[in-house]
Every structure is written in C-alpha cells, then in structure tokens.
Asker: 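Sharing a structure with you now.
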Amino acid sequence: MKFKAVMMDFDGTITEKGSIFPSKEMINKIIETARKMPVAFCTGRQLESFQRRGLGAIVKEIPPSEKKEILENIFLIGENGSMGYFFDKKTGKYKEFYRAKWDDDFLTKRKLKKMIGEKIEEYGEVINEHRVVLVMRAHREDDSPIEEIYAKSKKMFEICDETLSDYNKNYEKYLHLGDSGIGVIICPAKGDKDAGIEKFAKFLEKKRGMKFSKKFKEIMVIGDSAQKGGNDYYFLQGRFGTPFTVGHFDKTKPLPTPVLNSKNKRLLHSKGAIYLLENIENL
Ligand SMILES: [Mg+2]
C-alpha cells in the first residue's frame, strides 16, 4: 500500500493517556510527515480549542520559513467529523470547507440539551462552544486520576444512550453517540468521523488533484477508541481509508489493524502513532 495521506484522532492517539498535549517527539514526527503528505486531525474538539491546545504546540516547532507550506498540509476535521477546515495561505487562517447538518426534524439540539443536561450534572457538563455537535465534558480536577474521568465519561454515555433510546429506539439512524474517554459527543449520523475521511479525500481530489482508489484506501487512519460506543468506532470500521488502532483492539474483527513492533508487541497511543508515521512509506 502506498499511503498518500494520513488522518489521526487527537486525544489518546497522538497524546498519551490523560495528557492534553502531544510530546515533542510526536510533534516532530507530525511536521516531518506534513512535509511529505497531507495530515488531518480528526477530533471531537472545535476549531478554537484545537488551535489553542493542539495546533498551537505544533506551530511553535515549525521553522518559520516553512510555516505556510507545512500548515497547508495540516487539516482539521473537527467536531467529531462534522466540520472540516483547511489552512488558507492567503489569509493565514483556517477556513471551513464543510459542515454537516443537524437534523432538526428528528430532534433539535436545544431540546436534546434539555433532555440530557440535568441528568448528567453529577458527572459532567454540556460545553456550549461547538457549532454542530453536542459535547459533554467529564468534571475534572487538576489531580483527578484518569480512570476517574473515564468512569464519569462512561456514565454520561450510558445516560445519553438511555435517554435517546427512550426518545426513539432507532436514534442511531439520525444521531451518533461517542465516548472519547474524557467526554461524550453527539453528532449527526452523517457527520461522524467516517464521513470526515470522505470529505477530506474529496477535498484533496478536487483542490490538490490527488487520486485515490475506491474507499480512499491510500489514506492511513489512526485512532484509539475503536470499541462500540467509542468515538472512533465509525472512524476505524474501514468504510473509508485503511484503519489502525493504537487503543482498543478486538481480535475477532478483521479491522482496525493493531500496531505491533518488530517483537510483535503492541504499541499503544502515541507510541503506535509515531511508529506508523515513521514507517508510513514502507507499510
Ligand atoms: Mg481518542
């Protein structure tokens, strides 16, 4: 397989479990990769949070003379796949290139917030910063152990699943629910991370003249929350791209592929992502 682009989840994939920023080694690997091919981050975060906490750390390490060229190869598929941004060289800013639609006929976001808000209060809160998706972040103190945050996030997921199932037992046709470990995301079914892969590929075909085979197999896709209910579940099913997992792995399923080192040991989180980027031309 000759990979032509890469798309990665952010939290738990290029960062270590529980940490907000990628390591310097990871950042250097991302910059090196972006010199060769388009790199997209696919995260639950919205643009501003990504720029503040994710991209900002990467930009600092890019040599100033290369900044524009490299940023042109760094894309953001935000809000869990519901929004896409590219770097516009002319204005020096990230610009939207697609936005998924929330199906108000099924259930408005306002009503959904009302249905869920109070029930999750004990475990987390609704964040009102996203343009399309509804996000709940687990309560955390500076010294909260990550396991405690995971547990709160899981609890919120269960509450949302129950509430939505009561509203309509086929809700998954309209809305997808995902647990990222630090929070819960509800997005339009057509605006999940798998849709993000397709939008990213089509942008590259149209604007960069790149060519992909059916299902865009030449896009390497990396994530960690591959379990049913995880926010990479749809991302790593293989509907589009070639998926790898650096987190949850089910050996009874053909995809996603786990990342193994030369001693057949699994590489998790950023260790797995670094290994994949290092070997992207030989896999
Ligand atoms: Mg993740």
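In listed order, ligands and their atoms are each counted from 1.
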Asker: Hey, mind stepping through Gln46 and Glu79 against side chain to side chain donor-acceptor pair (under 3.5 Å) and telling me if it holds?
Answerer: CA-CA 5 Å; Gln46 80 283 22; Glu79 306 213 8; over 6 Å; no
Asker: Does the distance from a Lys or Arg side-chain N to an Asp or Glu carboxylate O, for Lys93 and Asp88, drop under 4.0 Å?
Answerer: no
Asker: Hey, can you pull the donor-acceptor pairs under 3.5 Å for the side chains in residues 216-227, sequence neighbours left out?
Answerer:
residue: Lys217; atom: NZ; partner: Gly238; partner atom: O; Å: 3.2
residue: Lys217; atom: NZ; partner: Gly241; partner atom: O; Å: 3.2
residue: Glu218; atom: OE1; partner: Ser213; partner atom: N; Å: 3.1
residue: Glu218; atom: OE1; partner: Ser213; partner atom: OG; Å: 3.3
residue: Glu218; atom: OE2; partner: Ser213; partner atom: N; Å: 3.3
residue: Glu218; atom: OE2; partner: Ser213; partner atom: OG; Å: 2.8
residue: Asp224; atom: OD1; partner: Thr13; partner atom: OG1; Å: 3.4

Asker: For the Mg ion (ligand 1), which protein N/O/S atoms fall under 2.8 Å? Skip waters.
Answerer: Asp9 OD2, Asp11 O, Asp224 OD1
Asker: Got a salt bridge between Lys4 and Glu281, using NZ or NE/NH1/NH2 to carboxylate O under 4.0 Å?
Answerer: no
Asker: Using 30° and 60° as the class limits, which term best fits the ring planes of Phe97 and Phe203: parallel, tilted or perpendicular?
Answerer: tilted
Asker: Is Lys29 paired with Glu278 through a side-chain N to carboxylate O contact shorter than 4.0 Å?
Answerer: yes
